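Below is one structure, written out as structure tokens; comments come after it.
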Amino acid sequence: MLSIRDLVKVYPGSTTALAGVSLDVSEGVFGLLGPNGAGKTTLMRVLAGVLEATSGTAELDGVSIVDHPERIRERTGYLPQDFGFLPHLSGERMLRYLLRLKGVRSPQGEKELCRALLDRVHLEDAAKRKVKTYSGGMRQRLGIAQAVAGDPRLIIVDEPTAGLDPEERLRFYRLLSELAQDRIVILSTHIVEDVAVLCPRFVVIRQGRLVADTSPSEARRALEGAIHEGAVDALEFNRFVADPSRRVTQAYLVEGRNRVRIYQTTGDLPPGFRTVAPTLEDAYMILIKTGSLPGSSRAGEGATP
Ligand code: ADP
């Protein structure tokens, strides 16, 4: 169990990146969803023991990150957002280099350990290829191989699916859910689909505060009957979405025509609009704009009108 209490991080120059985050996380894939600048990377780095919090505590199975950062680092695998690869090394050499940096040793020897890790992330056939020839998804899986070395209790992955094509993304999702069978995996992301596919539970972070702690199905249920969709004429579109009385949750094009989804609980719907099943994207947009979902336990926390 990972228990986080009142974590605050103020960077020099007084940017408050975390404004008091409290959370309990158990085994499985746990989602941390939020827009750019919300504080996700800061939280991930504090939990990985590579950045000191200004105040607050976090404990992994009862061991304090504040008092024993070295013990936490031993039990944590971290795949940061900007993972640096040495392009001219083979996958295997790169992994050996990373394991040495991390100080991971294995009774069966470095070579065997590398082989086992490359198998684990399904890169065995690409072990001898140079990293520069790897696809984005293969690089991320190599990053996971180093994160999983030493059999950590907690794995932290920061925005891992950005830039992956749909097939690679699916493969990466499968790998994360495999790894989460018997450990805690925290997935930080701004991509709603990541959470919809992988996370039985997730939190939404906005301006350094958690504004929801829920599941994808619960978040959708909170908006039942309140999401409506319709076509909007191209000439009307800008005025329609800028109208402050409307809560637009999504706007996209279907075969060249504007489709708009809105959140509305009372009054007449715009002409041609009909009530539709809410999606997690709708719930996320409401949370980011208003700071709460109707009837949610954290409703009102950090909310702005
Ligand atoms: P996210 O990962 O959700 O995009 P970050 O944790 O990177 O968010 O950033 C949260 C806030 O902290 C942002 O306002 C960002 O500009 C600021 N920030 C991040 N890193 C630093 C730093 N090293 N020094 C000062 N401010 C920072």
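Note that ligands are numbered from 1 as they come in the structure, with each ligand's atoms numbered from 1 the same way. Treat the numbers as computed from the prediction; the structure is a model and nothing was measured. Hydrogens, waters and symmetry mates are skipped; everything else that's a heavy atom, side chains included, is used.
- Nearest-heavy-atom check against atom 2 (O) of ligand 1 across Val46, Thr41, Asp158 picks out Thr41.
- In summary, the atoms of ligand 1 found under 4.0 Å from a heavy atom of Ala38, numbered by their order in the structure, are 1 (P), 3 (O), 8 (O).
- Smallest separation of non-hydrogen atoms from Gly77 and Pro152: N-CB, 3.5 Å.
- Distance remark: protein heavy atom present below 4.0 angstrom from atom 25 (C) of ligand 1.
- Using a 4.0 angstrom heavy-atom cutoff, Gly37 counts as in contact with ligand 1.
- The shortest separation from a heavy atom of Pro35 to ligand 1 is under 4.0 Å, placing the residue in contact.
- For ligand 1, the polar-atom distance check against Gly39 finds a nitrogen or oxygen pair separated by under 3.5 Å.
- Distance check for atom 20 (N) of ligand 1: a protein heavy atom is found below 4.0 Å.
- With a 6.0 Å radius and a threshold of 12 heavy atoms from other residues, nucleotides or ligands, Asp67 has its CG atom above the threshold.
- For the residue pair Gln207 / Thr16, no side-chain donor-acceptor distance below 3.5 Å is found, with atom types taken as modelled.
- With ligand atoms numbered from 1 in the order given, ligand 1 contributes 10 (C), 11 (C), 12 (O) to contacts under 4.0 Å with heavy atoms of Ala17.
- Residue Asn36 has at least one heavy-atom neighbour below 4.0 Å for each of these atoms of ligand 1: 4 (O).
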Worksheet item: Does the side chain to side chain contact (heavy atoms under 4.5 Å, CB included) test come out yes or no for Thr76 and Ile156, once each step is laid out?
Response: CA-CA 7 Å; Thr76 302; Ile156 295 171; 3.9 Å; yes
Worksheet item: Stepwise, does the side chain to side chain contact (heavy atoms under 4.5 Å, CB included) test hold for Leu175 with Arg141?
Response: CA-CA 8 Å; Leu175 177 60; Arg141 282 187 274 136; 3.7 Å; yes
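- Judged by distance alone, the side chains of Glu281 and Thr249 never bring a donor and an acceptor atom under 3.5 Å apart.
- For atom 3 (O) of ligand 1, the nearest non-hydrogen atom from the set Arg206, Glu159, Lys40 belongs to Lys40.
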Worksheet entry | Derivation and outcome, salt bridge (Lys or Arg N to Asp or Glu O under 4.0 Å), residues Lys9 and Glu52 | CA-CA 8 Å; Lys9 177 66 190 180; Glu52 219 174 293; over 6 Å; no
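- Other residues, nucleotides and ligands contribute only 12 or fewer heavy atoms inside 6.0 Å of the CZ atom of Arg174.
- Residue Thr42 holds the heavy atom nearest to atom 6 (O) of ligand 1 of all those in Leu43, Thr16, Thr42.
- With no hydrogens or angles considered, no side-chain donor-acceptor pair links Tyr11 and Thr54 at under 3.5 Å.
- Of all protein heavy atoms, the one closest to atom 18 (N) of ligand 1 is Tyr11 CE1, 3.4 Å.
- Which parts of ligand 1 touch Thr15 is read off a 4.0 Å heavy-atom cut-off, strictly below it: atoms 12 (O), 14 (O), 17 (C).
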